[in-house]
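Written out below as structure tokens is the structure these notes cover.
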Amino acid sequence: MPLSAPVTAASVTITLPDGKTMTFPRGVTGAEIAAAIGPGLAKAALILMVDGQEWDLFRPIAHDAKVRIITKRDAESLELIRHDAAHVLAMAVQALYPGTQVTIGPAIEDGFYYDFARAEPFTPEDLPKIEAKMHEIVKADLPTRREVWPRDKAVAHFKSIGEHYKAELIEAIPPGEDVSIYWHGDWHDLCRGPHFASTAKIGDAFKLTKIAGAYWRGDARNAQLQRIYGTAWRDQKELGDYLHRLEEAERRDHRRIGKELELFTFTPDVGAGLPLWMPNGMVIRQELEFLALQEERKEGYVRVATPHIAKETLYQRSGHLPYYADTMYSPLDIDGENYYLRPMNCPHHHMVYSATRHSYREMPMRIAEYAQDYRYEASGGLMGLMRVRGFCMNDAHIYCRFDQAKEEFIKVMRLHARYYDLMAIKEYYMRLSLPDLKKLDKYVDQPEKWLAALKIIREAMVESGYPFVEAEGEAAFYGPKIDFMIKSVIGTEYTISTNQLDFLATQRFGLTYIAEDGTEQPVYVIHRAPLGTHERFTAFLIEHYAGAFPVWLAPLQARIIPISDKVADYAHRVHETLFQVPVFNGTAGLRVDIDLSAERMQKKIRDAQLQKIPYMLVVGEREAAEGKVAVRLRSGKDLGPMPLETFIARIKGEAESRKDRPE
RNA sequence: GCCGGAGUAGCGUAGUGGUAGCGCAACCCCUUGGUAAGGGGUAGGUCGUGAGUUCGAUUCUCACCUCCGGCACCA
């Protein structure tokens, strides 16, 4: 094709990203343009952007246009590869298992999936077979073709070939519209596109990863389909890197580390989702509680303690029962009355608040408790310490005047920030959780109160400068909130902390204060849990630190390693000295032990290393003679011998500052 | 809760229709060693629980419990 064909009515002018223009006959395709630019590009081209719109390489261009050709080097290519891979997965499955219906199959983060309807379940043994078939299809280099059909023709067609889910999808498209059908060889599917010109362009860097159940259209009332997940990349190296990342993530999994470091355990004898904190894990809990106690004291909080159960009437009054009865443990019948294990602490705290009269002078009143709760979470949703049925929450309720709500909300945000800074937590985002206006039955219907509460939170967030995203349908029934969202190491998103504004409690519980003019005025309630629950927060910290906790959190802060039992006496003296060191910002003195086993020093070092103990204090005859300890970090770094006092100053400083020392 | 997979010693694992091995950990002995695994030995399991099939079940079947991967849910 000539680079400078004459400009006529039968030609189009193509403008390339560098501003260069080329002229082609009308109806030119991306493949032809790429070929005109160069054979390398012709080979590398995947799809193109035509005036910002994704366009198949084989689809004719009828107008002058700005064109950008996408190759594997472009960021967009990953999603395209995954989308094409999903199609090939569907092709492979339908070839191997006739009668299987296709539904949808999008590209997702790191890969793709496809949902199938089939009476027989897929088994893990099927995956290699399907994968092999996919490679066959890719190698077959099947050409892609795009057709545009009227909606009604498509519906009738897919019904006629028994693809009822597809037909249903197309029926959701407004009548009169056209739909695009993509063919790969003689297999075809309804699809928006775009797709590569042939199946070979996908390459071979893909792998099927798991089989799962998934509801049709994401609704549990619908039929359950079978989902096959895969991952796909541009080349084998990227695929290898990804699989390697997964392995690394598995190593950080809090369930694995929790077992290795003996932090917590579960047993069917106690019950699903009911964690047992072991001595090592309890140290972390206590240190977090002590941190909270200190920080909350600075902020004017007071502490209370309240029972773990309450009568049904309390939850009727709070309004929780009608909304959440199905996620509460069944009630206990005590003397003919129903008592519930509490799923949250608000009503108890409201009772404390309303036990006395409150003047405007004492507002805000901040009532705090690390409080144990029980929620009957769906059995399938339980996950290690991240999602449990019994948990202990860093809870507090702030009772304030309307005019104080914003400032109090900001103060809570700043408290969050202090905690997160302290622990160098950066991998989270803040979500302003709003009610879903289409499902108002899930929320208290008082539009003007919602708007007022929302205004306070929005202003508080804007004034304090914290970035946030908004999400509909995530609010509590009693008000909007800011949720702090994190991802577990395996990629599931959880709310780790929360800051909520409640306009309802004051009505439900008659929570008021006496204003300057002697009238009773309603209070606003802020529910906040910056450290979330011990369970989820610790799970997160385990993964965040990969088990290598900073000194202030480490269950064992130092281990003394005598080189031989000739120095056992000295080791004991070192231990006793360290044990007695007072730590200002800690629940106790230093946490230290001695490894007196009959093993060689190298073995003891290895053991301490695997337990991720921050400091190993090697003591031999030289150290004993000089009153020193040879300090080794868990990173492997050897600090050499130093006077015991020098080491004490160092570790005490770290414990008290709660700073993590980069090693 | 739903779909699929799994449960063997404290942990990690092998294995079989004829009641089970291995590694680490534990305990004992030898070794007294200078910065990631010294050597030898001992003990530890009603093979998740219950029922069924069978002459016989850890192995096959069913139910339940628990865990894992998703989905749904998540105040």
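Keep in mind that this is a model prediction, so the values were computed, not measured. In what follows, chains are A, B, ... by sequence order, proteins preceding strands, each numbered from 1.
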Between [N] ([atom2]) and [X] ([atom1]): distance, integer Å:
X	N	atom1	atom2	value
A:Tyr494	B:A75	OH	P	14 Å
A:Arg387	B:A75	CZ	P	9 Å
A:Glu109	B:G70	CD	P	13 Å
A:Tyr324	B:G1	OH	P	21 Å
A:Arg508	B:A75	CZ	C1'	13 Å
A:Arg221	B:C73	CZ	C1'	13 Å
A:Asn222	B:C73	CG	P	12 Å
A:Met386	B:C68	CE	P	12 Å

query: Quick one: side-chain contact (heavy atoms from CB on, under 4.5 Å) partners of A:Gln609, sequence neighbours excluded?
result: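 Only A:Met616, A:Arg632, A:Arg634 meet the side-chain contact (heavy atoms from CB on, under 4.5 Å) criterion with A:Gln609.
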- request: Please list, by residue number, the residues of residues 484-491 of chain A whose heavy atoms come closer than 4.0 Å to an atom of RNA chain B; answer none if no residue qualifies.
  value: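 Output list: A:Ile490.
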message: Please list, in numerical order, the residues of residues 114-126 of chain A that have a heavy atom closer than 4.0 Å to any atom of RNA chain B.
response: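 Residues of residues 114-126 of chain A that come under 4.0 Å of RNA chain B are, in numerical order, A:Pro121.
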Take atom [atom1] in [N] and the same atom in [M], then report the distance between them in whole Å.
N	M	atom1	value
B:A43	B:A51	C1'	34 Å
B:C47	B:U58	C1'	4 Å
B:C3	B:U8	P	24 Å
B:A57	B:C64	P	23 Å
B:G10	B:G45	C1'	12 Å
B:U49	B:C11	P	14 Å
B:G39	B:U31	C1'	8 Å
B:G15	B:G1	C1'	36 Å

How would you list, by chain and number, every residue that makes a ring-ring contact (aromatic ring centres under 6.0 Å, His included) with [X], sequence neighbours excluded?
X	result
A:His416	A:Phe484
A:His320	A:Phe477
A:Phe503	A:Trp450

Mind checking if [X] touches a base, just sugar-phosphate, or nothing, with heavy atoms under 4.0 Å?
X	value
A:Ala220	sugar-phosphate
A:Gly271	nothing
A:Gly479	nothing
A:Phe266	nothing
A:Gln500	sugar-phosphate
A:Thr327	base
A:Ala378	base

Assess the pair [X] and [Y]: is the distance between their ring centroids shorter than 6.0 Å?
X	Y	value
A:Phe122	A:Tyr97	yes
A:Phe647	A:Tyr615	yes
A:Trp233	A:Phe206	no

query: Going by atom types alone, do A:Gln101 and A:His164 pair a side-chain donor with an acceptor below 3.5 Å?
result: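 Side chains of A:Gln101 and A:His164: no pair found under 3.5 Å.
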Considering all heavy atoms, the nearest [X]-[Y] contact:
X	Y	answer
A:Arg536	A:Met386	NE-O, 2.7 Å
A:Glu472	A:Asp436	OE1-OD1, 3.9 Å
A:Gln557	A:Pro614	O-CD, 3.5 Å

base_contact_polar (B:A75 base, A:Thr498 side chain, donor-acceptor, <3.5 Å):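 In this structure, the two groups form no donor-acceptor pair.
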message: When you measure only distances, ignoring hydrogens and angles, does the side chain of A:Tyr215 come within 3.5 Å of the base of B:G70 through a donor and an acceptor?
response: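 No, the side chain and the base share no sub-3.5 Å donor-acceptor pair.
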message: Using the side-chain hydrogen bond (donor to acceptor under 3.5 Å, both in side chains) criterion, which residues pair with A:Arg317? Sequence neighbours excluded.
response: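 side-chain hydrogen bond (donor to acceptor under 3.5 Å, both in side chains) check on A:Arg317 returns nothing, list empty.
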A:His254: side-chain hydrogen bond (donor to acceptor under 3.5 Å, both in side chains) partners, not counting sequence neighbours: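 With sequence neighbours excluded, A:His254 shows a side-chain hydrogen bond (donor to acceptor under 3.5 Å, both in side chains) to A:Glu543, given in chain and number order.
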Is the side chain of [X] donor-acceptor paired with the backbone N or O of [Y] at a distance under 3.5 Å, no angle test?
X	Y	answer
A:Asp595	A:Ser597	yes
A:Thr538	A:His534	yes
A:Ser433	A:Pro480	no
A:Ser354	A:His350	yes

message: Each nucleotide in nucleotides 11-16 of chain B should get exactly one letter: B, S or -. Can you fill that in based on protein heavy atoms under 4.0 Å?
response: SS----
Sequence-aligned protein contact record of nucleotides 33-48 of chain B, with B where the base is within under 4.0 Å of a protein heavy atom and S where only the sugar-phosphate is: BBBBBB----------
query: Which residue, A:Arg389 or A:Met344, contacts RNA chain B at a nucleotide closer to its 5' end, judged by nearest heavy atom?
result: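 Going by which nucleotide is closer to the 5' end, it is A:Arg389.
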Whichever of A:Arg255 and A:Glu493 has its nearest RNA chain B nucleotide further upstream toward 5':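 In this pair, the answer is A:Arg255.
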task: Establish, yes or no, whether the cationic atom of A:Arg227 lies under 6.0 Å from the six-membered ring centre of A:Tyr113 and within 45° of the ring axis.
output: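 So A:Arg227 does make the cation-pi contact.
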message: With a 6.0 Å cut-off (strictly less than), is the heavy-atom count around OH of A:Tyr376, excluding the residue itself, greater than 12?
response: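 No, the 6.0 Å shell around OH holds no more than 12 heavy atoms from other groups.
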message: A quick test of your reading: do over 12 heavy atoms of other residues, nucleotides or ligands sit less than 6.0 Å from NZ of A:Lys487?
response: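 Incorrect, the count does not exceed 12.
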RNA chain B: stems of at least 3 consecutive Watson-Crick or G-U pairs whose donor-acceptor distances fall under 3.5 Å: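 Only these stems qualify: B:1-7 with B:65-71, B:10-13 with B:21-24, B:26-30 with B:38-42, B:48-52 with B:60-64.
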task: Taking only the side-chain nitrogens and oxygens of A:Tyr113, find out if one of them lies under 4.0 Å from OP1 or OP2 of B:C71.
output: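 Checking A:Tyr113 against B:C71: no side-chain N or O falls below 4.0 Å of OP1 or OP2.
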What's touching nucleotides 6-8 of chain B from the protein side, N or O pairs under 3.5 Å?
none

Parallel, tilted or perpendicular: rings of A:Tyr315 and A:Tyr340 (30°, 60°):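 Answer is perpendicular, since the angle exceeds 60°.
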